[in-house]
Amino acid sequence: MTYIGNNNDHLLEVKNLNVEFPSVHGSVHAVRDISFKMGHEKIAIVGESGSGKSQTGRAILGLSPGNVTAEKLFFDGVDLQGLSARDYREIRGKRISMVMQDPKYSLNPVMTVGKQMIEACQIQMKVSKKQAISRCIEMLEAVRIRNPQRVFNTYPHEVSGGMGQRIMIAMMLLSSPDLLIADEPTSALDVTVQLQVLAIMDDLVKERGMGLILISHDLPLVASFCDRILVMYAGRIVEELEASKLDQAQHPYTKGLLSCLPNNAIKGQPIATLQRQDSWLDGTLNAQGKLI
Amino acid sequence: MTDPKIPAITINDLSIHFGSGDELVKAVDHVSFTVPAQQSFGLVGESGSGKSTILRALAGLNTHCDGQMLLEGESLQSARSKAFYKKVQMVFQDPYASLHPRHTIDKILAEPLAIHGFKNTEQRIAKVMEQVALPNKFRFRYPHQLSGGQRQRVAIARALILEPKILLLDEPTSALDVSIQAEILNLLNQLREELSLTYILVSHDLAVVSYMCEQIAVMQHGKLVELLQVDQQGKTDAKDPYTLQLNLASKGYDRAVIEQFIDHD
């Protein structure tokens, strides 16, 4: 592995990332020419299902089953595209971690929570079992599980959804990653638990200087949580905006998504629905906020 | 036409338990409410609060329960009759799981008609597909060839094809994108007006329920915490601390608010 120096401004730099899936009906272009840079901050990738947001996250981790091409894919000065499978494993899990959507499907159902955490810990950090156990307990405490010893010995089906997601996050934090990619980490959770899990991630970003990519479909929620928002539609980033300026969104798609929330609807009148336009597929916003 | 003064559904002191001894779970704990005819009634709560269990008990999917359930003034027996399902139909949460993967849309819609012995299958299917705004070309497709929103339309069509009076909606939009959710909610509202239906809508989303319903029951740990009337502006006059917390939580991420949350684990 070669490090070209630590540039703190750009923890991750993506330029013209493409993900394609070949099929008999012609290839499906899931991610088209997306570019962004991020430092140690919280960014959100928002879009509907099928917009390519999860594929973007997977492509960064080198987990995409499709054909991934990019002009630039740099993580902390390392060219991810040039890595061997072995070197990628050194980064994946240790320096970039990913939290998946549903704890029910991402935890091993026939292993206790503790056992699978120790396994992850020992593979990533090459420590003794005793050290691994204390590290795991420490991480379970970090995600504010009140009785870590009890949770440590339970099976995944014995814990609630919110607890399961905290366990997932604790597991991803074992190796103190520099970048956490969270793919809809809270969509399977109740609203209050959802906010508590986000608060935990927020603390971790602040305390450890981690970068966070939050993949979500909930525009108002990420606007209140993240620093920057990338809005994806049909595989492209159609708009990039500061989270605090969501109400000044220019793109008709972003505006449309906001207007079809029931919170903004007037009772007794139909909710505004999204009228998709073909021009959104390839058009870009100019400086005046017009589609060209 | 039934008398609009008789409530469509009355639930009296309903309790549903699972397990026994130390393992006893009180999924629903002495809940009572009435749903006036042609109104929309919302059940909100977090997961495990018992809201779906009430709906399943009403639909006859949970046979053992204490208390009384009345449909248009008549007490329901534990075994439901065919006439009951002619009047009451249910739409489930996940349109990916609730449609038979190897039946075409035509067959899915024809099945309830066959069960209830209707003859004019052809016209009814055509009519119901028009009601839920599904183009005719979808009729001989399989569920996997449809998008999530289209599938939920099929599920609604399947419920409507018997021309029921009451629809039990179990999180009908929570598996869908917000843009599709808006379309389905609009469709449900429009159908309710056209066909004078009564809805019981279960959801975890307070915004959806306050937009759709005239009355909301807030559930927590199997108990009915608060019964709210929704005014014309879609506002409620919530007083219970749990409802207030839910209200705050649905407003988005705010650190100060989260610190004050009371854990319910």
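Chain A is the first sequence line, chain B the second, and so forth, proteins listed ahead of strands; every chain is numbered from 1. Quick caveat, the model's predicted, so the values are computed rather than measured. Excluded from the calculations below are hydrogen atoms, water molecules and symmetry mates; all remaining heavy atoms, backbone and side chain alike, are included.
Heavy atoms from other residues, nucleotides or ligands lying under 6.0 Å from CG of A:N147 number more than 12. The environment of B:E194 atom CD is dense: over 12 non-hydrogen atoms of other residues, nucleotides or ligands sit within 6.0 angstrom. Residue-environment remark: CD (B:E130) stays at or below the threshold of 12 foreign heavy atoms within 6.0 Å. The 12-atom threshold is exceeded at CZ of B:R151, counting heavy atoms of other residues, nucleotides or ligands nearer than 6.0 Å.
The stretch residues 215-247 of chain A participates, sequence neighbours left out, in these ring pair (Phe, Tyr, Trp, His ring centres under 6.0 Å) pairs: A:F225-B:Y253, A:Y233-A:Y253, A:Y233-A:W280.
Rounding to the nearest 0.5 Å gives a distance of 11.0 Å between CG of A:D218 and CG of B:D177. Taking NZ from A:K267 and CE from B:M212, the interatomic distance works out to 8.5 Å, rounded to the nearest 0.5 Å. Taking CD from B:Q245 and CG from A:L195, the interatomic distance works out to 9.5 Å, rounded to the nearest 0.5 Å. Residue B:N189 holds its CG atom at 7.5 Å from CD1 of A:I271, rounded to the nearest 0.5 Å.
Only the backbone of B:S210 comes within contact range of chain A, judged by heavy atoms closer than 4.5 Å. Only the side chain of B:N186 comes within less than 4.5 Å of a heavy atom of chain A; its backbone N, CA, C and O stay farther away. Proximity to chain A is absent for every atom of B:E259, based on heavy atoms less than 4.5 angstrom apart. At a 4.5 Å heavy-atom cutoff, the contact between A:Q269 and chain B is made by backbone atoms alone. The parts of B:E183 that come within reach of chain A are both its backbone and its side chain, each placing non-hydrogen atoms under 4.5 angstrom from that chain. In this structure, chain A has a heavy atom under 4.5 Å from the backbone of B:D231, while its side chain stays farther away. A:A223 does not touch chain B: none of its heavy atoms, backbone or side chain, sits under 4.5 Å away.
The shortest heavy-atom contact between B:S47 and A:D190 is OG-OD2, 2.8 Å. Across all non-hydrogen atoms, the minimal contact from B:S179 to A:L274 is CB-CD2, 3.7 Å. When every heavy atom of B:Y211 is checked against every heavy atom of A:G268, the shortest pair comes out as CE1-N, 4.4 Å.
Residues of residues 197-212 of chain A placed with any heavy atom under 4.5 Å of a heavy atom in chain B are listed by number as A:L198, A:A199, A:D202, A:D203.
Applying the salt bridge (Lys or Arg N to Asp or Glu O under 4.0 Å) criterion to A:E240, with sequence neighbours excluded, gives A:R228.
A donor-acceptor contact under 3.5 angstrom links the side chains of A:T192 and B:E46, judged on distance only.
Counting heavy-atom pairs under 4.5 Å between each of B:A249, B:G148, B:G45 and chain A puts B:A249 at the top.
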Contacts under 3.5 angstrom, residues 257-264 of chain A side chains, donor-acceptor by atom type, not counting sequence neighbours:
residue : atom : partner : partner atom : Å
A:S259  : OG   : A:G256  : O            : 3.0
A:N264  : ND2  : A:L258  : O            : 2.9

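In this structure, A:P220 and B:K251 have side chains that are not in contact, with every pair of non-hydrogen atoms separated by 4.5 Å or more.
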